[in-house]
Amino acid sequence: MTAADAEQLLRNRGALLRGHFVLSSGRHSDTYVEKFRILQWPDVTSALCRGIAERFAGAADTVAGPTTGGIIVAFETARQLGARCVIAERAESGSGREFRRGFELGPGHRVLVVDDVLTTGGSVREVMEAVERTGAAVVGVAVLVDRTAGRTNFEYPFYAVLSLDIRSWEPSECPLCREGVPATVT
């Protein structure tokens, strides 16, 4: 699937939205990727994860993703790779992520870290740190959509099925606010 195909697929399913949005970070944007409008469609999710699986074929024996949307991406990518899937949940301490519920990693495991939509890279970094604490090796990072157009560096091979350069502004600098365009809180 090409990036243009992926973008058209997201547009067709209503996942790539244009307007005026207040992001969870508090910043404003003219574009929003509604990940659950992607993940609700197994055919779309499967097609997008196929790109990740093809890019990392043979590299990983385990795929790890963060809760919530990352679970679906990790599962489907692992299924296509013939690998196992593990989930990194918020740590009980409230800081970072950890593997619970019997998920075990250790030296010798080769782990692909995946997520749905990359905005800041925080969740991906927390999963990478959780993997590294176990002694397992991170072999790459992949996402369905990269909102930073490749500006986030993970120091591992990185792949995004779709890379977008989505602008955002502090509320005081938002041109849409100055124009009086009503905002939607995401």
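Keep in mind that the numbers below use all heavy atoms, side chains included, and drop hydrogens, waters and symmetry copies.
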To the nearest 0.5 Å, what is the distance between CZ on F99 and CZ on R133? 8.5 Å
Could you grab the distance from atom CG of D61 to atom NE2 of H109, nearest 0.5 Å is fine? 5.5 Å
Q40 side chain reached by E34 side chain, heavy atoms, under 4.5 Å: no
Locate the shortest heavy-atom distance separating A83 from T62; write the atom from each residue and the value. CB-N, 4.0 Å
Take F158 and N153 through the test side-chain contact (heavy atoms from CB on, under 4.5 Å) and record every step on the way to the result. CA-CA 8 Å; F158 175 74; N153 182 3; over 6 Å; no
Taking atom types as modelled, is there a side-chain donor on R97 or T67 under 3.5 Å from an acceptor on the other? yes
For residues I52 and I71: do they belong to one hydrophobic cluster (side chain heavy atoms under 4.5 Å, members Ile, Leu, Val, Met, Phe, Trp, Tyr)? no
Hydrophobic clustering (ILVMFWY, side-chain heavy atoms < 4.5 Å, transitive) - are L48 and V124 grouped together? no
Please test S46 against R79 for side-chain contact (heavy atoms from CB on, under 4.5 Å), starting from the C-alpha separation and ending with a verdict. CA-CA 10 Å; S46 179; R79 186 187 71 75; 4.0 Å; yes
Note, H28 side chain near C177 side chain (heavy atom, < 4.5 Å): yes
Whether E98 side chain and E92 backbone form a donor-acceptor pair below 3.5 Å: yes
In one Ile/Leu/Val/Met/Phe/Trp/Tyr side-chain cluster, 4.5 Å: Y156, V131: yes
Starting at CG of L17, measure out to OG1 of T186 and round the result to the nearest 0.5 Å. 10.0 Å
Quick one: do R50 and E54 make a salt bridge, cutoff under 4.0 Å? no
Taking V141 as the starting point, is it possible to reach V139 by hopping between hydrophobic residues whose side chains are less than 4.5 Å apart? no
When you measure from the side chain of R90 to the backbone of P66, do you find a donor-acceptor pair of N or O atoms at a distance under 3.5 Å? no
Can you tell me how far CZ of F36 sits from CG of D116, rounded to the nearest 0.5 angstrom? 7.0 Å
Salt bridge between E170 and R27, side-chain N to carboxylate O under 4.0 Å? yes
Looking at D165 and R151, is any side-chain nitrogen of the basic one under 4.0 Å from a carboxylate oxygen of the acidic one? yes
Side-chain heavy-atom pair F154, L118 within 4.5 angstrom cut-off: yes
Rounded to the nearest 0.5 Å, what separates atom CZ in R178 from atom OG in S172? 9.0 Å
F56 and P157: which non-hydrogen atoms are nearest, and at how many Å? CZ-O, 3.9 Å
When hydrophobic residues are tied together by side-chain contacts of less than 4.5 Å, even through go-betweens, does W41 share a cluster with V117? yes
Locate the shortest heavy-atom distance separating A60 from V111; write the atom from each residue and the value. CB-C, 4.4 Å
Evaluate the side-chain proximity of L105 to R84: yes if any heavy-atom separation is below 4.5 Å, no if none is. yes
Within-4.5 Å side-chain heavy-atom neighbours: R11 and R18: yes
Going through the distances and angles, do R13 and I38 end up as a side-chain contact (heavy atoms from CB on, under 4.5 Å)? CA-CA 7 Å; R13 296 297 173 101; I38 300 168; over 6 Å; no
Is the shortest distance from a Lys or Arg side-chain nitrogen in D115 or K35 to a carboxylate oxygen in the other one below 4.0 Å? no
Interatomic distance, CD@Q8 vs CE@M1, rounded to 0.5 Å, equals 11.0 Å
A149 and S163: which non-hydrogen atoms are nearest, and at how many Å? CA-OG, 3.1 Å
If the test is side chain to side chain contact (heavy atoms under 4.5 Å, CB included), which one of L176, V185, T184 qualifies with F21? T184
Could you report the tightest heavy-atom contact between F103 and V86, atom names first, then the distance? CD2-CG1, 3.6 Å
Check against side-chain contact (heavy atoms from CB on, under 4.5 Å), L144 and V114: CA-CA 8 Å; L144 300 182; V114 300; over 6 Å; no
What one should report as the nearest heavy-atom pair of G65 and V127 is C-CG2, 4.2 Å
Is L112 close to L81 at the side-chain level, that is, under 4.5 Å between some pair of heavy atoms? yes
Considering only heavy atoms from C-beta outward, does the side chain of L164 approach that of R147 to under 4.5 Å? no
With distance as the sole test, does H20 use its side chain to make a donor-acceptor pair with the main-chain N or O of V181 at under 3.5 Å? yes
State, with a plain yes or no, whether a side-chain heavy atom of I166 is found less than 4.5 Å away from one of T119. no
